[in-house]
There are 2 protein chains.
Amino acid sequence: MSSETLPKKEALVREILERVADKWTLLVIDALDGEKEMRFTRLQERVGGVSQKMLTRTLRLLERDGLVTRRVHATVPPRVDYRLTPLGASLGEALCGVWVWVGKHMEKVERARHAYDEKLRPARRSRVPDAA
Amino acid sequence: MSSETLPKKEALVREILERVADKWTLLVIDALDGEKEMRFTRLQERVGGVSQKMLTRTLRLLERDGLVTRRVHATVPPRVDYRLTPLGASLGEALCGVWVWVGKHMEKVERARHAYDEKLRPARRSRVPDAA
DNA sequence: CCGCATCCTGTCGGATACTG
DNA sequence: CAGTATCCGACAGGATGCGG
């Protein structure tokens, strides 16, 4: 954890964090995790709700970062298989802790939210800036 | 890890993940982690690069989720202290694995990126959709 | 089937100015 | 100091249509 690292490394850490912390990346890694290989369409089903545009983009970036491999079969109709690299799988492991946390504590979070929202019921609603 | 949960729980997990996975939340949790309490401005310095608007919003959402407490001192000039709740600290622990991963593997990621970018040098640049 | 190109919208998020 | 209010540009990301 923690902070005072060299600004160079610091910047890179942040960049990678922001890369991984987008809307779909974690879900794609999760979907791929534990499987040998998966086709594009199957992956899209497993993730659920992702457009093919975003799935494609997400997979390309993961491929670029060396976390996922992309294998194109020269068949017709085309078939493309994705799988985690060892590096990607190791990230999956690291993320596992977060998944466990969410599964374990999400009800507390839900209760906290309701309590928070209740408390400012009558008067000025929404202390969260830019919220509707 | 993994998938086949009830769609209800599944949705909540995803929502919380998406909440945590924004540009600043992880960095704020990290900055707060291990400290007892921190003032708004100090926090802003530690995170680095965050506008007060985004810091405020991020903190409000964390407060709503029960991960952070907000204490206003009725002094002049005003003073507001933020700190992680036990729940927030436990999330910090879960995230620790991700931090460690990034610190450990980011050089491999960098090398993978360069290799990827090199490989499609001459012809059609950028296989990543919507990239410049 | 996979994925690229285009269009279009909402939201994210920075800059700035103002208040208690 | 710790916000709030406003403006605005940039981009994430969905929908659709085409192409190999």
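Convention: sequence-line order gives letters A, B, ...; per-chain numbering from 1. What's counted below: heavy atoms across the whole structure, side chains too, no hydrogens, waters or symmetry copies.
- The nearest whole Å value for the distance from the CG atom in A:D81 to the P atom in C:dC1 is 14 Å.
- OP1 or OP2 of C:dG3 lies within a sub-4.0 Å distance of a side-chain N or O belonging to A:Y82.
- Taken residue by residue, residues 58-74 of chain A places heavy atoms nearer than 4.0 Å to DNA chain C at A:R60, A:R70.
- Sorted by first and then second residue, the side-chain hydrogen bond (donor to acceptor under 3.5 Å, both in side chains) pairs involving residues 48-63 of chain A (not counting sequence neighbours) are A:R57-B:D130.
- Applying the side-chain hydrogen bond (donor to acceptor under 3.5 Å, both in side chains) test to A:T25 and every residue at least two apart in sequence or in another chain returns A:R19, A:D22.
- Residues passing the side-chain hydrogen bond (donor to acceptor under 3.5 Å, both in side chains) test with B:R64 are A:D117, sequence neighbours excluded.
- In this view, B:E45 and B:T41, B:R42 satisfy the side-chain contact (heavy atoms from CB on, under 4.5 Å) rule, not counting sequence neighbours.
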Please encode protein proximity along nucleotides 9-17 of chain D as a string of B, S and -, counting only heavy-atom distances under 4.0 Å.
---SBBBBB

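- Judged as a side-chain contact (heavy atoms from CB on, under 4.5 Å), and not counting sequence neighbours, the contacts of A:A21 are B:A21, B:L26.
- Residues passing the side-chain hydrogen bond (donor to acceptor under 3.5 Å, both in side chains) test with A:R111, sequence neighbours excluded: none.
- For the side-chain contact (heavy atoms from CB on, under 4.5 Å) test, residues two or more places apart in sequence or in another chain that qualify with A:V50 are A:W24, A:Q44, A:V47, A:M54, A:L55.
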Side-chain donor-acceptor distances from residues 72-83 of chain A under 3.5 Å, at least two apart:
| from | atom 1 | to | atom 2 | distance (Å) |
| --- | --- | --- | --- | --- |
| A:H73 | NE2 | A:D81 | OD2 | 2.6 |
| A:T75 | OG1 | A:P77 | O | 2.9 |
| A:R79 | NE | A:D81 | OD2 | 3.1 |
| A:Y82 | OH | A:R70 | NE | 3.2 |
| A:R83 | NE | A:K36 | O | 3.0 |

Can you give each donor-acceptor pair under 3.5 Å made by side-chain atoms of residues 101-110 of chain A, sequence neighbours left out, with the distance rounded to 0.1 Å?
| from | atom 1 | to | atom 2 | distance (Å) |
| --- | --- | --- | --- | --- |
| A:W101 | NE1 | B:S90 | OG | 2.7 |
| A:H105 | ND1 | A:K108 | NZ | 3.1 |

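- Of the candidate nucleotides D:dG3, C:dC1, C:dG3, C:dC1 has the atom lying nearest to any side-chain atom of A:R39.
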What's touching nucleotides 18-20 of chain D from the protein side, N or O pairs under 3.5 Å?
none

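- With a 4.5 Å cut-off on side-chain heavy atoms, B:L59 and B:V28 count as touching.
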